[in-house]
Number of protein chains: 2
Amino acid sequence: MAENITYTLHELVSALDSYADEVLRDQYDVSFSQFQFLAILATEQPSDLSHLATCLGVTRAAVSKRVPSLVAGGWITTSDDPENARRVMVSLTPAAEDLVRLASADLEEAFASMFADPRLDPATTPGALSVTALNAHLNTLTSILHDKGHC
Amino acid sequence: MAENITYTLHELVSALDSYADEVLRDQYDVSFSQFQFLAILATEQPSDLSHLATCLGVTRAAVSKRVPSLVAGGWITTSDDPENARRVMVSLTPAAEDLVRLASADLEEAFASMFADPRLDPATTPGALSVTALNAHLNTLTSILHDKGHC
DNA sequence: ACCCTGTTGTCAACTGGTTGACAAGACGGA
DNA sequence: TCCGTCTTGTCAACCAGTTGACAACAGGGT
């Protein structure tokens with residue numbers, strides 16, 4: 001077992017990411033980062049590039065470069081903001097909305113069954129924690145050292 | 001608070017990383033990824049490129065490309081393995097050993113004081129968890145979905 | 001009306017990773 | 001000994017992010 005909690009966290013995150021990536025590629029033929037882009041856009045729709053960039057935690061330039069391929073793939077559409085000629089507004093296509101809905105449910109179910117492991121059950125393992133309680137703790141930790149969330 | 005635990009984990013990790021990066025740049029003039037490279041090498045010294053790559057969780061090519069600049073910076077030295085002419089063995093310089101020792105202690109202290117927040121104290125917050133207990137839970141989670149560690 | 005300042009998207013150049021191909025050496029079995 | 005196979009490091013090409021610069025537009029104060 002890793003002694004250092006930062007090391008543990010990196011391991012866990014990369015394990016979760018690669019698992020999610022595998023599921024998404026197998027069943028929906030999209031990468032994890034594509035799904036992430038679309039899933040976040042789904043909750044912020046319609047959004048301009050800048051806002052999307054801060055939500056994704058990347059720079060405007062990075063988002064700007066990803067847009068053309070997502071448009072070509074039929075996942076998003078761009079439009080003008082009549083209020084501001086500089087702004088580029090982005091929305092999901094119906095196909096992307098379906099994808100986000102189905103894949104989110106799939107991933108959630110996959111994680112739930114993974115978290116159903118007996119080693120995480122307080123009834124069998126003394127001191128174990130429910131996932132929601134764990135999530136709350138991690139959120140507390142995050143808010144302690146990084147007060148402002150992205151969105 | 002983020003509802004999704006994977007999202008929470010990403011937030012926490014990136015917050016921890018950028019905090020560590022800031023501390024290391026301010027006080028030791030190295031980046032987080034440089035420190036990471038040296039700190040892992042410190043526990044595996046001396047090591048060939050392949051082993052170092054698996055410990056770092058990157059490819060051999062990535063390590064191969066980083067070596068020249070670390071040698072130029074006076075952090076590592078390379079030598080031949082008399083047993084195997086293909087192998088390139090890597091070791092820390094004394095300066096790097098000092099850096100790893102001092103910076104590790106500094107970071108550990110910084111994290112400890114961060115984790116001393118009252119919101120994480122079981123005495124004041126019912127249901128709160130010690131960092132070591134949290135670490136154990138995260139390790140359990142990791143081992144459930146990704147049995148093999150890097151090193 | 002005009003300027004100053006801030007916002008927004010895009011670009012070129014760079015960084016640090018990946019993949020796939022490859023050559024050099026290690027090594028065991030026929 | 002020689003051959004097939006594995007390991008090891010390196011390379012070119014690529015990918016997805018960053019930074020810093022920039023131009024276009026928005027909007028407020030004078």
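Proteins get letters first, then strands, A, B, ... in listed order; numbering begins at 1 in each.
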A.B. asks: With sequence neighbours excluded, what pairs up with A:R101 under the side chain to side chain contact (heavy atoms under 4.5 Å, CB included) test?
C.D. replies: A:E97, A:D98
A.B. asks: Show me the side-chain donor-acceptor pairs of residues 57-70 of chain B shorter than 3.5 Å, one per line, residues at least two apart or across chains.
C.D. replies:
from, atom 1, to, atom 2, distance (Å)
B:T59, OG1, B:A62, N, 3.3
B:R66, NH2, B:S33, O, 3.2
B:S69, OG, B:R66, O, 3.2

A.B. asks: Which residues pass the side chain to side chain contact (heavy atoms under 4.5 Å, CB included) test with A:V90, not counting sequence neighbours?
C.D. replies: A:L41, A:L49, A:I76
A.B. asks: Let's see if you get this right: which residues in residues 74-86 of chain A place a heavy atom under 4.0 Å from DNA chain C?
C.D. replies: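 Close to the strand are A:R86.
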A.B. asks: Does anything in residues 24-40 of chain B pair up under salt bridge (Lys or Arg N to Asp or Glu O under 4.0 Å), and if so which pairs, sequence neighbours excluded?
C.D. replies: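 Output for this query lists B:D21-B:R25.
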A.B. asks: By nearest atom, which of the nucleotides D:dG17, D:dT8, C:dG17 is closest to the B:R60 side chain?
C.D. replies: D:dT8
A.B. asks: Do any pairs count as a salt bridge (Lys or Arg N to Asp or Glu O under 4.0 Å) and have a residue in residues 77-87 of chain B, sequence neighbours left out, and if so which ones?
C.D. replies: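 Applying salt bridge (Lys or Arg N to Asp or Glu O under 4.0 Å) to every pair that reaches into residues 77-87 of chain B, excluding sequence neighbours, yields B:D48-B:R87, B:D81-B:R87.
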A.B. asks: Send over the distance from A:L52 CG to C:dT10 P, rounded to a whole Å.
C.D. replies: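 Going from A:L52 (CG) to C:dT10 (P), I get 12 Å.
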A.B. asks: Taking only heavy atoms on the protein side, list every residue of residues 33-49 of chain B lying under 4.0 Å from any atom of DNA chain D, sorted numerically.
C.D. replies: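 Those residues are B:D48, B:L49.
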A.B. asks: Taking any heavy-atom pair under 4.0 Å as a contact, classify B:R87: base, sugar-phosphate, or nothing.
C.D. replies: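 Sugar-phosphate, backbone atoms only, no base.
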A.B. asks: My understanding is that only residues two or more places apart in sequence, or in another chain, count here; which of them pass side chain to side chain contact (heavy atoms under 4.5 Å, CB included) with B:T132?
C.D. replies: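 Counting only residues at least two positions away or on another chain, B:T132 forms a side chain to side chain contact (heavy atoms under 4.5 Å, CB included) with B:S130.
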A.B. asks: Any disulfide (SG to SG under 2.5 Å) involving residues 15-49 of chain A? Give me the pairs, sequence neighbours left out, ordered by first then second residue.
C.D. replies: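 Pairs touching residues 15-49 of chain A that pass the test: none.
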A.B. asks: Enumerate the residue pairs fulfilling disulfide (SG to SG under 2.5 Å) with a member in residues 8-118 of chain B, sequence neighbours excluded, ordered by first and then second residue.
C.D. replies: B:C55-B:C151
A.B. asks: Please state how far atom CZ in B:F32 lies from atom P in C:dG16, giving the value in whole angstrom units.
C.D. replies: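 Nearest whole value for this atom pair: 15 Å.
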A.B. asks: Which of residues 16-25 of chain B sit near DNA chain C, with a heavy atom under 4.0 Å from it?
C.D. replies: none
A.B. asks: Scan nucleotides 11-14 of chain D against the protein and return all N/O pairs shorter than 3.5 Å with their distances rounded to 0.1 Å.
C.D. replies:
none

